[in-house]
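Quick note: numbers below take in every heavy atom, side chains included, and nothing from hydrogens, waters or symmetry partners.
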Amino acid sequence: NMRVNVLSRAFGVSASEIDNGVQWNRSKEAANESLLDELKSYETSNFGQYLDNSHQSSSDLAFRLRSMSPLLDMYNSHPNPNVLWKYNDKTSSFDIHASNKHSLSPGDALIVSYGKYTEGHLFAKFGYVNGDGSSPTEVNLAVFHRPFGDVGLGRQYSLLPFHAWDSVSSPGETTVSEKTKQLIDMQSKELLRYLVFDDGYKECVRVSHKEEYNQHEELKLLKLQHLKRIANDLGAWVVRLPAKFPDAKPPQRLSKRPELGIETSRVGVNAKKMFSTCRLLSLTVDDIGREAVEYLRDGLSSDTFEVEKNGPTLEYRTMMCVARMCEVAMSRYGEYFTPQGRQEPREFGSREWNAWYIRDGEMRVLGILRQTLLTQANKLKRQHNLQNEAAITMRENGACPIEYSLPLLSKLS
């Protein structure tokens, strides 16, 4: 609990050699060590973070530390603040000044911005929501496994060492503890549940225990290897709906309902990486010009590989795959999807009201996304006359036995 308290009340600052403030409490042992060398030692402590990879080839290192600022963390936050703050490395302090966008009157509450966070992030990390539609709403479609790396609250909350899931910003590290290996192996078993549908195939793909396997089995193994690569990248599993009232003004009293701004005309859902994930799951050997196996094999060498659009049949299966994920996610809300469960609590700003606000927003996103995808998938089917295509086979009424995929675990490198 202390760790969560510290991290949720800390601010990121970019440290540099000219910043004397970060050297105030340096130990005698570090007196002869350069500041940048000392900062490097914090990278795996979950409190420090590289902003880029310049440390590999340049002495001009960009490094972000977590800083406690007891006065600054007392300010309330809103995406449209009336007060701005910025770290000043010359004075080793935070400068605070009024925003040009909002006027201030005597007695007004001073509101800063912690960042453009989703409502769920605000609730989980800081224990509150704005409740005025000023923040985007995000839902997690990792319905069959639990991400251990990026859990959506910032890198510092990772349950795994950074280098075990984030090779881009933690280069060079290869050592993995036995406990971490066990955690990743357990997660790999969960990932098999994404591979039990065999969409696009009339018959289930059964993986043998033999060392040699056919192209259908190899494609399935490559899918699992890619799933393992992105399992802890939350961006590959979430969809986001833009803020409904992005111009909403910050409240002056926390107990008073905030004023709503102008409703945005943007209704598009950001699900680009989630679509790539479902394209991966929906690939058959006939996709990508019958070179799907080679396509995924080559993609393993890239940390940023994504499966792009490739023909109407793959896109149809992809849409239906995301819709399936939405349906599984929706089923977990149980009674909250009933009229009684969606009833708004009376006390605005209470924990019950905040939780209701988050749930209601998530259910709204899932409903919008699922209905939109089903409509678009049917439209695509009609446009391309896919009604009788075997390649649009979807197993909505039951998956293939998971035993058919279990041999994949022994083939993982």
Side-chain angles (χ1 to χ4, degrees), residues 141 143-145 188-228 230 274-299 306-329 331 370-412:
L141 293 182
V143 293
F144 296 135
H145 83 290
S188 297
K189 294 178 182 178
E190 294 177 343
L191 294 174
L192 285 182
R193 297 178 64 190
Y194 293 105
L195 300 176
V196 299
F197 297 98
D198 287 337
D199 296 325
Y201 289 96
K202 281 202 166 184
E203 302 293 335
C204 293
V205 176
R206 188 166 189 166
V207 181
S208 70
H209 290 276
K210 299 178 181 178
E211 291 187 12
E212 295 182 358
Y213 37 80
N214 60 43
Q215 58 179 345
H216 303 286
E217 296 172 276
E218 184 178 3
L219 182 66
K220 206 165 188 177
L221 174 60
L222 288 166
K223 287 181 182 181
L224 182 57
Q225 289 172 321
H226 277 280
L227 284 175
K228 189 176 177 181
I230 64 174
M274 183 65 219
F275 267 65
S276 171
T277 301
C278 262
R279 285 192 195 101
L280 169 68
L281 298 176
S282 303
L283 279 174
T284 71
V285 294
D286 294 325
D287 294 313
I288 322 292
R290 296 184 179 274
E291 294 183 355
V293 171
E294 185 176 350
Y295 179 69
L296 291 189
R297 194 187 297 138
D298 292 342
E306 293 183 12
V307 181
E308 302 293 339
K309 286 185 178 181
N310 189 265
T313 54
L314 175 58
E315 204 59 17
Y316 173 83
R317 296 195 304 272
T318 298
M319 291 180 184
M320 296 299 290
C321 168
V322 180
R324 175 195 289 141
M325 302 283 204
C326 289
E327 193 167 346
V328 174
S331 68
R370 180 177 176 274
Q371 189 57 50
T372 301
L373 288 171
L374 292 177
T375 301
Q376 291 300 315
N378 286 324
K379 182 179 178 181
L380 189 68
K381 186 194 291 187
R382 291 193 303 270
Q383 284 180 341
H384 296 273
N385 194 28
L386 304 178
Q387 280 82 351
N388 299 318
E389 289 277 347
I392 64 169
T393 300
M394 301 295 296
R395 288 180 172 80
E396 300 303 332
N397 297 321
C400 301
I402 196 168
E403 289 78 15
Y404 287 10
S405 299
L406 282 177
L408 292 172
L409 295 174
S410 63
K411 300 176 187 294
L412 279 176

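With rounding to the nearest 0.5 Å, the separation of NE2 in His145 from NZ in Lys228 is 13.0 Å. Interatomic distance, OG1 of Thr284 versus CG of Asp199, reported as 10.5 Å (0.5 Å rounding). Remark: Gln376 CD to Leu380 CG distance equals 8.5 Å, nearest 0.5 Å. Taking CG from Asp198 and NZ from Lys220, the interatomic distance works out to 3.5 Å, rounded to the nearest 0.5 Å. The OG1 atom of Thr372 sits 10.5 Å away from atom CE of Met319, with the distance rounded to the nearest 0.5 Å. Rounding to the nearest 0.5 Å gives a distance of 10.5 Å between NZ of Lys309 and CG of Leu314.
Looking at every heavy atom in both residues, Val322 comes nearest to Cys278 through N-SG, 3.4 Å. Between Pro407 and Val207, the closest heavy-atom pair is CG-O, 3.3 Å. Gly289 approaches Asn310 most closely through the heavy-atom pair N-OD1, 4.3 Å. When every heavy atom of Leu224 is checked against every heavy atom of Leu408, the shortest pair comes out as CD2-CB, 3.7 Å. Nearest approach of Arg317 to Ala391, heavy atoms of both residues: NH1-O, 2.6 Å.
Inter-residue side-chain proximity for Val328 and Arg193 is flagged as unmet; no heavy-atom pair is nearer than 4.5 Å. Within the 4.5 Å cutoff, no side-chain heavy atoms of Leu219 are placed close to those of Tyr295. Contact annotation: the side chain of Leu409 approaches that of Ser188 to within less than 4.5 Å [non-hydrogen atoms, C-beta and beyond]. When side chains are defined from C-beta on, Glu315 counts as touching Phe275, because their heavy atoms get closer than 4.5 Å.
A donor-acceptor pair under 3.5 Å links the side-chain atoms of Tyr194 to the main chain of Phe144, judged by distance alone. A donor-acceptor distance shorter than 3.5 angstrom exists from the side chain of Lys411 to the backbone of Lys210, with no hydrogens or angles considered. In this structure a side-chain-to-backbone donor-acceptor pair under 3.5 Å is present from Arg395 to Lys202. With hydrogens and angles ignored, the 3.5 Å screen pairs no side-chain donor or acceptor of Lys223 with any backbone N or O of Leu195. With hydrogens and angles disregarded, a donor-acceptor distance shorter than 3.5 Å links the side chain of Ser276 to the backbone of Val307. Not one N or O on the side chain of His226 forms a donor-acceptor pair closer than 3.5 Å with the backbone of Leu280.
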Note to self: Show, in sequence, the C-alpha distance, side-chain angles and deciding distance for Asp287 and Arg279, and conclude whether the salt bridge (Lys or Arg N to Asp or Glu O under 4.0 Å) test is met.
What the structure shows: CA-CA 10 Å; Asp287 294 313; Arg279 285 192 195 101; over 6 Å; no
Next item on the list: Decide side-chain contact (heavy atoms from CB on, under 4.5 Å) for Tyr201 and Asp286; before the verdict, give the C-alpha distance in whole Å, the side-chain angles of both, and the deciding distance to 0.1 Å.
Entry: CA-CA 10 Å; Tyr201 289 96; Asp286 294 325; over 6 Å; no
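The local environment of CD in Glu212 is sparse, with at most 12 non-hydrogen atoms from other residues, nucleotides or ligands closer than 6.0 Å.
For Cys326, the disulfide (SG to SG under 2.5 Å) criterion is met by no residue, not counting sequence neighbours.
In this structure, Glu217 does not pair ionically with Arg206, as no charged nitrogen and carboxylate oxygen lie closer than 4.0 Å.
Ring centroids of Tyr316 and His384 are separated by 6.0 Å or more, keeping the two rings apart.
Test Arg324, Met394, Met320 against Phe197 for side chain to side chain contact (heavy atoms under 4.5 Å, CB included) and you get one pass: Arg324.
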